[in-house]
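Letters A, B, ... mirror the listed sequences (proteins, then strands); counts begin at 1. Keep in mind that what you see is a predicted model, and the values were worked out from it rather than measured.
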2 protein chains.
Amino acid sequence: MTTSSQDLTPAPFLEASKQFASGKDTPSAFLERCLVTFAKYEKNVGAFVHYDLDGARASAKLSDARWKAGKPLSPIDGMPVGIKDIIETQDMPTEQGSPLFVGYRTARDAASVSALREAGAVLVGKTVTTEFAASEPRGTKNPWDITRTPGGSSSGSAAAVGSGMLSAGLGTQVIGSILRPASFCGCVGFKPSVGAINRGGSYDGFSQSCTGVLGASVSDTWQVAYEIALRVGGDPGFSPLIGPAQPPAAKQPRRLALLETAGWSVASQAAKDALLDVRVRLQKAGVEILDRRESADIQALEDAIVSARQLSMDINAFEGRWPLNTYRDRDASKLSQSALGRLAQAEKMTAAEYRVLLAERMRVRGIYAELSAQFDGCIVLAAPGAAPVGLGSTGDPSFVVPFSLLGVPALSLPLLREQNLPLGLQVTGFEGRDADLFALAAWLIQKLDK
Amino acid sequence: MTTSSQDLTPAPFLEASKQFASGKDTPSAFLERCLVTFAKYEKNVGAFVHYDLDGARASAKLSDARWKAGKPLSPIDGMPVGIKDIIETQDMPTEQGSPLFVGYRTARDAASVSALREAGAVLVGKTVTTEFAASEPRGTKNPWDITRTPGGSSSGSAAAVGSGMLSAGLGTQVIGSILRPASFCGCVGFKPSVGAINRGGSYDGFSQSCTGVLGASVSDTWQVAYEIALRVGGDPGFSPLIGPAQPPAAKQPRRLALLETAGWSVASQAAKDALLDVRVRLQKAGVEILDRRESADIQALEDAIVSARQLSMDINAFEGRWPLNTYRDRDASKLSQSALGRLAQAEKMTAAEYRVLLAERMRVRGIYAELSAQFDGCIVLAAPGAAPVGLGSTGDPSFVVPFSLLGVPALSLPLLREQNLPLGLQVTGFEGRDADLFALAAWLIQKLDK
């Protein structure tokens, strides 16, 4: 099956919700439209590891009544959402993409899940994650072309949102696990400032990991992130997401940095041309855009992030020694070779080496932060091209890993194309200023989505 | 039953292990001595929520063989230890002191537990924690006098180590949950620099929480902490514990600060006299000791930490909204009134208020850090007096909470007495310099333990 782009229609919720008060539309009717899409694609795509359609329908009915009474619990009351299966849910298993955890139940909701429930969201199911949210794929296919990867590790959430089965899905990212699959599946992907959304109950626990959102629109994405942080804050000790109760209004930037990253050397010509076309269009709209050739500060950053992937992998390896060691002791045959390899690397590392890695990360973060005085944000490709053919790898994270390392907010916007397949335009902002990034993204969508 | 102090003999392991290579003593024989104590006291004290004596004996036998072969896995190979029941264990339930989690199994070891197993420690059982490691007691009695509280929240580990049933127990502290019970039960208590010991798999997840050690001696305590950090590092993004592979050698300090804290106004005269006696003895030994009356910098710190308890409680409340909200939704009748009260407070707080609290904590940390230029550490009471009569409260944390807030390493040393009951001398150091604190503690033990 190859789906042509016309077949896939995202399911933005906030727009539809304008009709809920009048009863012209209802959360139940919205959900049923999503479930038509689900029925059409899920069997071939495999976005879900577990789902509960009856439960979702019952939740949507309760939401209908609240909207009718003029008392929705939040703007996302009734929104059909999926939960990446690295995140705990009280009423569904949490399997982490691992044969070690088949059917495993944790008896509680993660922080993000409890917040979504409090906000009235309709939990449709658990979406496929790679093994332990790392590199080993778990079978989800790209809804645009099932011979291609959906990306990872938030594979299922991206495939479900990109195809219109859900309005939003939770994802997590420590390397490129939200923005890369968003790019490949044609939805919005948001990784917040490090610590800005509470990760309690997520098993993606590295120091640069974040819980984030894959959404059908920029507005839906903001609202989901906002409603979570409103109810459960950020990670302990970190500043929770800052921003308005409604999606930030579009705001034209004055100056943007165009970043190439280590990805530029492996990007397709079509992808690079697509970004350079964006550059021209934005310049025509009056935005000043500088790159490494025109700014020594950008060149310094490009130099500093050239090893972002290796540095991130090394930091993760040390931090991931536990729990991989306990999983290996239980049953090494149920771990992938890649997991065993990371563990072997970790067991050779010392705390002193790790401290050096942390210091280097801090240094690079300082260089990026300097740009905030001159630039309103950065534009970057989200991937070297459209989703590659094959399901054995989740694709190249070179373009997205620097911003994981940097701990800054980043969005992938479904604004580019390669071979009629989606490709994300990545926009990145500055730590703690997630709302400014959404205002920039809203403006980019207005300018470029035509 | 009132136990007189002569009856309680701690079980320091490192000292005994010197005889293991020759076979004059063995881990199995050491364990059996601990189990005699266990048989004598556990029924009345209730330190354990779960134990596996057969499993412990089998582990000790394996350790015997390793020592005999000259190949112990670490200096703590064969050490009988207990795990606070807020920390996950693969082979025993993790109940968190909550009726909601009776018999609950998590299918994995926490980071600290996996490290202890790798180091060869003998896991005797899970020790009693207050509900969710907060304030609600769960029945453990003080082994020195069972009409008195053992302190909390690491009640069981302190009671078991203080009475000699174990050489060490894991604890966690966000307010005073390691040092207070150590003071009341007469063992060593160690809270490391924030983040220095990996908390993965502990359900005490606040931003100023630490996993630490209750030990029979300063040496045992260091070694347990060291062996954990060696194998699983610290919290992701934090510097793991720094220090030598053997317990730091005693080192005489040049100058110490005597801190009163908000606890001074509620301390017994006997407790205050005990600290002032220590001051005199140390001065005679050539140590300069200054207090708030003699140092403007100490006065500034005393002023800054006077609200440490309230500030800590408020930070914890916000950070603890989740998971208490999900537990309440499951079955509010199984939560204590104090847990429900904290949740109600959290639900009234905003992210903006929380950011103010974090900023205030950062400010206070800066004031304390300034002292490191002038002082080698601080001496403080660990509690306002000996363990109070009654099991309904775990006692006053006023003396220990400031150092939780500050994120600095702190030790309670069983060097003081009130009414023939134990009282801890607290010594505190500077972030990242945990080993220096142990060198100071070793010297204090040499000087004062006679």
Side-chain angles (χ1 to χ4, degrees), chain A residues 88 90 100-101 104 106-115 117-118 174 194-196 198 200-201 205-209 229-242 315-316 318-327 329-330 346-347 349-352 354-355 358-359 361 407 432, chain B residues 88 90 100-101 104 106-115 117-118 174 194-196 198 200-201 205-209 229-242 315-316 318-327 329-330 346-347 349-352 354-355 358-359 361 407 432:
Chain A
E88 292 180 90
Q90 190 178 315
L100 274 175
F101 288 91
Y104 181 63
T106 68
R108 65 176 191 177
D109 280 333
S112 51
V113 173
S114 76
R117 285 197 215 269
E118 286 184 17
V174 64
V194 66
N198 193 328
F206 301 96
S207 60
Q208 64 187 48
S209 293
L230 177 68
R231 287 169 179 78
V232 293
D235 289 334
F238 287 80
S239 175
L241 187 77
I242 301 178
I315 289 172
N316 291 349
F318 186 84
E319 295 174 353
R321 178 164 170 177
W322 178 86
L324 286 180
N325 59 348
T326 74
Y327 300 164
D329 291 349
R330 270 172 62 198
E347 290 181 330
M349 293 175 73
T350 66
Y354 176 66
R355 279 188 279 271
L358 291 185
R361 184 170 71 183
Chain B
E88 292 180 271
Q90 191 179 313
L100 273 175
F101 288 90
Y104 181 64
T106 68
R108 65 175 190 177
D109 280 332
S112 51
V113 173
S114 77
R117 286 196 214 270
E118 286 184 16
V174 63
V194 66
N198 193 328
F206 300 97
S207 60
Q208 63 187 48
S209 294
L230 177 68
R231 288 168 178 78
V232 292
D235 289 333
F238 287 80
S239 175
L241 187 77
I242 301 178
I315 288 172
N316 291 349
F318 185 84
E319 294 174 353
R321 178 164 170 177
W322 178 85
L324 287 180
N325 60 348
T326 74
Y327 300 163
D329 291 350
R330 271 172 61 197
E347 290 182 329
M349 293 174 74
T350 66
Y354 176 66
R355 278 188 280 270
L358 290 185
R361 184 170 70 183

J.: For chain A, which candidate among B:A352, B:G201, B:A110 shows the most heavy-atom pairs at distances under 4.5 Å?
T.: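 The option with the most such pairs is B:A110.
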
J.: Okay, side chain of B:R330, backbone of A:A107: is any donor-acceptor separation there less than 3.5 Å?
T.: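 It does hold such a pair.
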
J.: To check you understand the geometry: which heavy-atom pair defines the closest contact between B:R355 and A:I242, and what is its length?
T.: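 The answer is NH1-CG1, 3.2 Å.
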
J.: Between A:L100 and chain B, which part of the residue has a heavy atom less than 4.5 Å away: side chain, backbone, both or neither?
T.: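 Neither part.
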
J.: Top residue by heavy-atom pair count (under 4.5 Å) with chain B, among A:S239, A:P236, A:S207?
T.: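 Greatest number of close heavy-atom pairs with chain B: A:P236.
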
J.: Any chance you could measure B:R108, atom CZ, to A:Y104, atom OH, to the nearest 0.5 Å?
T.: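 It comes to 7.0 Å.
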
J.: With a 4.5 angstrom heavy-atom cut-off, is it the side chain or the backbone of A:T106 that approaches chain B, or both, or neither?
T.: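 Contact with chain B is through both the backbone and side chain of A:T106.
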
J.: Checking heavy atoms, do the side chain of B:I315, its backbone, both or neither come under 4.5 Å from chain A?
T.: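 Neither part, no heavy atoms under 4.5 Å.
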
J.: Quick one: what part of A:Y354 sits under 4.5 Å from any heavy atom of chain B, side chain, backbone, both or neither?
T.: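 Looking at A:Y354, just its side chain touches chain B.
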
J.: Which of the residues A:G234, A:A115, A:G200 is involved in the greatest number of heavy-atom pairs with chain B at under 4.5 angstrom?
T.: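 Ranked by contacts with chain B, first place is A:G200.
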
J.: Measuring heavy-atom distances to chain B, does A:F238 have an atom under 4.5 Å in its side chain, in its backbone, in both, or in neither?
T.: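 Looking at A:F238, just its backbone touches chain B.
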
J.: Give me the atom names and distance for the closest heavy-atom approach of A:F318 to B:P240.
T.: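 For A:F318 and B:P240, the tightest heavy-atom pair comes out as CE2-CG, 4.1 Å.
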
J.: Ignoring hydrogens, what is the shortest heavy-atom contact between B:E319 and A:G237? Give both atom names and the distance.
T.: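 In terms of heavy atoms, the two residues are closest at OE2-N, 3.2 Å.
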
J.: Which answer fits A:Q90, side chain, backbone, both or neither, if we ask what part of it has an atom under 4.5 Å from a heavy atom of chain B?
T.: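 Contact with chain B: side chain only.
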
J.: Can you say whether B:P323 sits under 4.5 Å from chain A via the side chain, the backbone, both, or neither, judging by heavy atoms?
T.: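 Looking at B:P323, just its side chain touches chain A.
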
J.: Only one of B:N325, B:T326, B:D329 clears side-chain contact (heavy atoms from CB on, under 4.5 Å) with A:D109; which?
T.: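 Single side-chain contact (heavy atoms from CB on, under 4.5 Å) partner of A:D109 among B:N325, B:T326, B:D329: B:T326.
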
J.: So, does A:R321 use its side chain to make a donor-acceptor pair with the main chain of B:R231 at under 3.5 Å?
T.: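 Present.
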
